[in-house]
Amino acid sequence: NTICLCRGDDCALKLALSRDGNDYTLQEGDKVEFATSFGLTKTAGYAGDVFADVIISSTDTENIKAGNYTYTITLHYADGTQTALTVPQPMIIMEVAE
């Protein structure tokens, strides 16, 4: 999905996870990595449900130039394998209205 965020705002992303077309609950040792083309990387670990919560704080984006960026979500399984998804929709950082 397209993510729109005002520069310098806090954001909580709730990522629904699936594996082989089925809902996937993170297992102990699994982690989700959310990485952007402007250099932000956040990780979320085991939470006991089919969602991974990625928290982006105001300080993460306060100095990012407004524009369209790409993002990748990678699921790192406890067994060492991984699945990566480069999302075709952008992450849009918008200028704060004065």
Side-chain angles (χ1 to χ4, degrees):
N1 295 328
T2 298
I3 299 171
C4 294
L5 177 64
C6 285
R7 190 169 59 89
D9 280 357
D10 294 320
C11 175
L13 302 173
K14 189 172 260 325
L15 305 177
L17 305 173
S18 65
R19 185 176 191 180
D20 301 323
N22 299 305
D23 289 345
Y24 181 75
T25 300
L26 286 175
Q27 305 299 306
E28 298 237 14
D30 291 350
K31 71 175 185 173
V32 174
E33 180 181 86
F34 177 88
T36 68
S37 59
F38 59 82
L40 174 70
T41 300
K42 294 288 182 167
T43 58
Y46 174 75
D49 61 24
V50 297
F51 297 102
D53 295 321
V54 175
I55 308 300
I56 298 173
S57 70
S58 59
T59 56
D60 292 327
T61 62
E62 68 186 357
N63 296 313
I64 303 303
K65 183 178 175 184
N68 291 3
Y69 297 91
T70 59
Y71 64 97
T72 301
I73 299 168
T74 305
L75 181 48
H76 299 270
Y77 301 103
D79 67 5
T81 61
Q82 64 184 26
T83 300
L85 172 65
T86 300
V87 182
Q89 290 83 12
M91 179 174 189
I92 302 169
I93 302 296
M94 300 175 294
E95 206 50 65
V96 178
E98 298 289 330

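The analysis underlying the following values was restricted to heavy atoms, covering all of them including side chains, and did not include hydrogens, waters or symmetry mates.
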- Query: Got a sec, which pairs hit ring-ring contact (aromatic ring centres under 6.0 Å, His included) with one end in residues 26-45, sequence neighbours left out?
  - Reply: F34-Y71, F38-Y69
- Is there any salt bridge (charged side-chain N to carboxylate O under 4.0 Å, His left out) pair reaching into residues 57-77, and which pairs are they, with sequence neighbours excluded? K42-D60
- T81: what forms a side chain to side chain contact (heavy atoms under 4.5 Å, CB included) with it, not counting sequence neighbours? R19, Y77, D79
- Can you tell me how far the CG atom of N68 sits from the SG atom of C4, to the nearest 0.5 Å? 8.5 Å
- Item | Residue pairs fulfilling salt bridge (charged side-chain N to carboxylate O under 4.0 Å, His left out) with at least one residue in residues 3-13, sequence neighbours excluded | R7-E95
- Who are the salt bridge (Lys or Arg N to Asp or Glu O under 4.0 Å) partners of K14, not counting sequence neighbours? D53
- Could you grab the distance from atom CD1 of I73 to atom CG of L15, nearest 0.5 Å is fine? 5.0 Å
- Applying salt bridge (Lys or Arg N to Asp or Glu O under 4.0 Å), name anything that partners D30, two or more places apart in sequence or on another chain. none
- Of all heavy-atom pairs linking G8 and T61, the shortest is N-OG1, 2.9 Å
- Message: Using 0.5 Å steps for rounding, measure from the CG atom of L40 to the CE atom of M91.
- Response: 6.5 Å
- Message: Under 4.5 Å between side-chain heavy atoms, counting indirect links through other Ile/Leu/Val/Met/Phe/Trp/Tyr residues: same cluster for V54 and V87 or not?
- Response: yes
- Query: When rounded to the nearest 0.5 angstrom, what distance separates CG in L75 from CG in L26?
  - Reply: 6.0 Å
- OG1 of T36 to CD1 of I56, rounded to nearest 0.5 Å, is 7.5 Å
- Query: About how many Å separate CD1 of I93 and CG of N63, when rounded to the nearest 0.5 Å?
  - Reply: 12.0 Å
